[in-house]
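This report refers to the structure that appears directly beneath it.
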Amino acid sequence: MASFLYIIDFTYFLTQSLSVWQPHRHVFNRAVYSSLLGQLIFTGVDAIAMISFLAVLVGVGVTSQLIYIMQAITGASDLSEILARLVISELGPVITGVILIGRSCTAIAVDLGNTKVRGEIQPLEYLGIDVDDYFVVPRIICMVISQITLALYFSIIMVLCGVFFSGFIYDFSAQESLTHLLNMMTVNAIIIFIIKNLVFGLVIGAMACFHGLLVENSPTQVPQQMQKAVVRSLVFLFLADGYFLLVTL
């Protein structure tokens, strides 16, 4: 029962936060743009170095081994299909989501929690500034943009590193494999990739804001809500990934 009520509260929070078309909402202003730009730099741009490093490691350590094993038992077309479904559609979005949860979800939850503890939100409400407009919407939008772009970037780097490393070490044609892989990138596959990462980013960003704003007046609630945000973001991430996996089978 508690889980059901939690899902209802979270869904209401997400719907209410993103209802930017309501007359009392003032999303399109300079303050929100400034917050949006700052969050985009923190969530997306600052994470590129970590994403690049992990993409190279996963590409060399995982993708190359997968290529070596599957090359022995399948043909080039089957190998490209496995790379497309497992590496690009699964590993890329999931690993990117986990990175954003560990790096950005925690930071957002702690930042909003400390903001509430210091009593900085209530004066803004007295001035007529909507909390959702200034705090929630920019963070959710930036998380969605970062998830989509970083997952694409991660997948490209991971596949290229794995394919070229395999071509250098094993008896493997990197050019042929990449050609087959590009031929499999249909419009339908790209749309599913974008929708999947959009859902991931939406859930991670909303979960971080939801738990950050649940903090009351006690500083001890900040790490508690941060922990809940991380754990529940991971749960929803893997549930959503499992749903997309079943739909695309």
Side-chain angles (χ1 to χ4, degrees), residues 3 6-20 35-51 54-55 58 88-116 131-155 158 192-215 222-245 247:
S3 300
Y6 173 82
I7 293 174
I8 293 177
D9 290 340
F10 176 72
T11 304
Y12 175 78
F13 169 81
L14 180 59
T15 305
Q16 189 68 23
S17 299
L18 297 181
S19 301
V20 296
S35 176
L36 184 68
L37 181 60
Q39 288 297 318
L40 190 59
I41 293 174
F42 168 72
T43 307
V45 178
D46 291 348
I48 291 178
M50 181 186 297
I51 290 287
L54 290 176
V58 175
I88 297 178
S89 299
E90 291 299 320
L91 286 181
V94 170
I95 294 178
T96 303
V98 171
I99 293 172
L100 289 181
I101 289 173
R103 185 184 180 277
S104 301
C105 178
T106 54
I108 291 173
V110 170
D111 180 40
L112 290 179
N114 287 331
T115 301
K116 285 202 68 176
V131 174
D132 293 334
D133 293 344
Y134 187 74
F135 289 105
V136 178
V137 173
R139 286 166 171 79
I140 293 179
I141 292 176
C142 290
M143 191 67 74
V144 171
I145 295 173
S146 299
Q147 173 68 34
I148 295 174
T149 54
L150 291 177
L152 179 61
Y153 175 75
F154 184 93
S155 299
M158 178 174 54
I192 293 176
F193 181 86
I194 293 175
I195 293 176
K196 183 176 185 177
N197 284 283
L198 188 149
V199 172
F200 285 3
L202 195 65
V203 168
I204 296 171
M207 195 70 68
C209 296
F210 178 67
H211 282 281
L213 293 175
L214 283 180
V215 175
V222 175
Q224 293 173 357
Q225 293 298 332
M226 183 268 288
Q227 184 182 30
K228 290 180 180 179
V230 171
V231 173
R232 290 172 182 177
S233 293
L234 288 172
V235 171
F236 276 90
L237 177 74
F238 288 109
L239 286 176
D241 182 63
Y243 171 78
F244 279 100
L245 182 62
V247 169

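Worth knowing before you read on, the calculation uses all heavy atoms, side chains too, and leaves out hydrogens, waters and symmetry mates. Everything quoted here is computed from the prediction, not taken from an experiment.
Taking every heavy atom of both residues into account, T43 and S104 meet most closely at CG2-OG, 3.7 Å. G205 approaches M143 most closely through the heavy-atom pair N-CG, 3.6 Å. Scanning both residues, L150 and A47, for their nearest heavy atoms gives CD1-CB, 4.1 Å. Heavy atoms only, all atoms of each residue included: Q39 and P138 are closest at CB-O, 4.4 Å. Listed here is the closest heavy atom pair of V58 and M158: CG1-SD, 3.2 Å. When all heavy atoms of L91 and F154 are compared, the pair lying nearest together is O-CE2, 4.3 Å.
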| message | Show, in sequence, the C-alpha distance, side-chain angles and deciding distance for V136 and L213, and conclude whether the side chain to side chain contact (heavy atoms under 4.5 Å, CB included) test is met. | response | CA-CA 9 Å; V136 178; L213 293 175; 3.7 Å; yes

| task | Just do the ring pair (Phe, Tyr, Trp, His ring centres under 6.0 Å) check on Y6 and F210 with the steps written out, would you? | result | CA-CA 11 Å; Y6 173 82; F210 178 67; 5.7 Å; yes

| Run the side chain to side chain contact (heavy atoms under 4.5 Å, CB included) check on C105 and L100 step by step: do they pass? | CA-CA 6 Å; C105 178; L100 289 181; over 6 Å; no

| task | Step by step, work out the side chain to side chain contact (heavy atoms under 4.5 Å, CB included) result for Q224 and V215. | result | CA-CA 9 Å; Q224 293 173 357; V215 175; over 6 Å; no

| field | Test side chain to side chain contact (heavy atoms under 4.5 Å, CB included) applied to D46 and R103, step by step | value | CA-CA 10 Å; D46 291 348; R103 185 184 180 277; 3.0 Å; yes

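Atom CD1 of I204 and atom OG of S233 lie 6.0 Å apart (nearest 0.5 Å). I101 contributes atom CD1, which lies 13.5 Å from atom CZ of R232 (distance to the nearest 0.5 angstrom). Note that the CG atom of L198 and the CD1 atom of I145 stand 10.0 Å from one another [nearest 0.5 Å]. Atom CG of L54 and atom CD1 of I95 lie 8.0 Å apart (nearest 0.5 Å). In this structure, NZ on K116 lies 13.5 Å from CG on D111, to the nearest 0.5 angstrom. Considering CD1 of I141 and OG of S17, their distance stands at 11.0 Å, rounded to 0.5 Å.
Inter-residue side-chain proximity for Q227 and T106 is flagged as unmet; no heavy-atom pair is nearer than 4.5 Å. Residues D241 and F200 meet the side-chain proximity criterion, which asks for heavy atoms closer than 4.5 Å. Side-chain atoms of F193 and L152, non-hydrogen and from C-beta on, do get closer than 4.5 Å to each other. Contact check for V98 versus L234: side-chain heavy atoms found under the 4.5 Å cut-off. Taking the side chain as every heavy atom from C-beta outward, C209 and F13 approach each other to under 4.5 Å. Considering only heavy atoms from C-beta on, L214 stays 4.5 Å or farther from K228 through its side chain. Two residues are said to be in side-chain contact when any heavy atoms from C-beta on lie closer than 4.5 Å; I140 and L14 meet this criterion. Between L40 and S146 the shortest side-chain heavy-atom distance falls below 4.5 Å.
Within the 3.5 Å criterion, the main-chain N or O of P93 finds no donor-acceptor partner in the side chain of K196.
When each of Q225, R139, H211 is tested with L112 by the rule side-chain contact (heavy atoms from CB on, under 4.5 Å), just one qualifies, namely R139.
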